[in-house]
Amino acid sequence: MQELSALDRFRLGTALALLGEPRLVCADDVGERLAEDDRHAAWAMLRDVADTGVTVLATTTGGPGTGQADLTLHLDAASAEETAPAEETVDARV
């Protein structure tokens with residue numbers, strides 16, 4: 001019996017989450033334990049899910065680096081800065 005790759009496990013988990021046709025899917029630490037190409041594939045898959053109308057809430061510690069997000073919220077110990085595409089930037093200090 002062959003074990004699934006980390007990317008295939010992520011894909012399977014996402015597919016299972018979509019079975020009930022939810023309006024929201026959450027994915028925690030996207031890209032953890034994935035090679036760079038697989039990490040980009042995971043983010044692209046989440047972008048495809050979002051394009052179907054499902055809201056995708058995804059977290060990562062490394063950042064997608066793929067420009068796939070509609071909205072990115074960067075958090076650190078001192079501040080939080082919310083950055084939207086184009087010219088829209090919101091200061092969300094906490």
Side-chain angles (χ1 to χ4, degrees):
M1 180 187 240
Q2 187 177 6
E3 187 174 318
L4 293 175
S5 70
L7 178 59
D8 286 340
R9 286 192 304 274
F10 182 80
R11 287 176 173 150
L12 177 61
T14 304
L16 291 172
L18 292 169
L19 283 178
E21 298 182 7
R23 294 184 294 174
L24 170 70
V25 170
C26 297
D28 188 28
D29 209 358
V30 176
E32 181 181 17
R33 296 185 214 110
L34 292 179
E36 185 174 347
D37 288 344
D38 289 348
R39 187 170 38 254
H40 289 286
W43 282 104
M45 183 193 67
L46 291 175
R47 172 79 264 162
D48 290 343
V49 170
D51 288 344
T52 69
V54 174
T55 299
V56 175
L57 175 64
T59 67
T60 185
T61 55
T66 61
Q68 296 292 332
D70 288 334
L71 182 70
T72 303
L73 181 63
H74 298 275
L75 300 175
D76 62 28
S79 68
E81 184 178 314
E82 184 177 333
T83 308
E87 300 173 11
E88 182 182 346
T89 300
V90 178
D91 188 0
R93 299 198 188 278
V94 291

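This is a predicted model, so every value here is computed, not measured. All residue numbers in this chain count up from 1 along the given sequence.
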Pairwise side-chain contact, Thr60 with Trp43, heavy-atom cut-off 4.5 Å (strictly under): yes
Within one Ile-Leu-Val-Met-Phe-Trp-Tyr cluster: Met45 and Leu34, side-chain cutoff 4.5 Å: no
Whether over 12 other heavy atoms sit under 6.0 Å from Arg33 CZ: no
Where Pro22 and Ala17 come nearest, the two heavy atoms and their spacing: CG-O, 3.4 Å
Val54 reachable from Leu16 in the ILVMFWY side-chain graph, under 4.5 Å edges: no
Within one Ile-Leu-Val-Met-Phe-Trp-Tyr cluster: Val25 and Phe10, side-chain cutoff 4.5 Å: yes
Residue pair Asp8 / Arg11, side-chain heavy-atom distance below 4.5 Å: yes
From CG (Asp51) to CG (Leu46), nearest 0.5 Å: 11.0 Å
Hydrophobic cluster membership, Leu12 vs Val56, 4.5 Å side-chain cutoff: no
Exercise: identify the closest heavy-atom pair between Ala42 and Val30: CB-CG1, 4.1 Å
